[in-house]
Amino acid sequence: MAHWLMKSEPESYSWADLERDGATEWDGVRNNAARLHLRAMQPGDEAFFYHSMSDKAVVGVMRVTRAAEPDPKAPDWVRVRVEPIRKLARPVTLAEIKAEPALAKMELIRQSRLSVAPVRDAEWVKVLKMADHPRK
DNA sequence: GCCAACGTTGGC
DNA sequence: GCCAACGTTGGC
């Protein structure tokens with residue numbers, strides 16, 4: 001099972017929106033690298049929900065429930081279906097991630113504009129651990 | 001509000 | 001095919 005990180009501006013679509021909806025089609029991605037990542041997703045994969053811009057923090061964990069399919073509104077692009085699993089005990093901020101040497105190679109850091117990025121297993125576990133401990 | 005990073009477009 | 005110009009994203 002692979003792990004991912006998916007960004008959304010909370011003013012556009014937030015974790016609270018996802019919890020309210022119960023599931024959503026993750027569409028609107030218009031970057032080729034991100035599209036490749038969407039295509040690589042499999043049902044059962046898990047992804048961090050990251051609030052970009054105003055918040056800059058990982059806020060929740062979601063599950064991919066359907067593999068990539070063409071977006072009916074933009075057939076050259078794809079969408080996946082996701083549902084919320086749980087909100088993190090606390091947000092893990094970008095600043096904390098940047099300050100953590102074990103996370104220095106996260107795609108989130110290396111290519112900040114990429115809106116759909118893979119997360120390595122060790123990074124996934126580390127971020128979850130950070131969420132379960134008080135911020136330093 | 002500014003700017004760096006990155007992608008895309010179009011002139012040559 | 002190169003590269004300057006431009007647009008967008010997203011951090012600061």
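Below, chain A is the first sequence line, B the second, and so on; all start at residue 1.
- In 5' to 3' order, the nucleotides of DNA chain B bounding all contacts with chain A (an atom under 4.0 Å from a heavy atom) are B/dA5 to B/dG7.
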Task: Full working for side-chain contact (heavy atoms from CB on, under 4.5 Å) between A/W15 and A/K87 - done: CA-CA 8 Å; A/W15 174 260; A/K87 188 177 183 175; 3.6 Å; yes
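- Looking at A/T24 and A/D21, their side chains never bring a donor and an acceptor atom within 3.5 Å of each other.
- A/H3 and A/D121 share a donor-acceptor pair across their side chains, judged by distance under 3.5 Å alone.
- With rounding to the nearest 0.5 angstrom, the CH2 atom of A/W77 is 6.0 Å from the CG atom of A/N32.
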Side-chain donor-acceptor contacts of residues 125-133 of chain A below 3.5 Å, not counting sequence neighbours, with atom names and distances?
residue, atom, partner, partner atom, Å
A/H133, ND1, A/K129, O, 2.7

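- At the heavy-atom level, A/K7 lies under 4.0 Å from the strands shown only through sugar-phosphate atoms.
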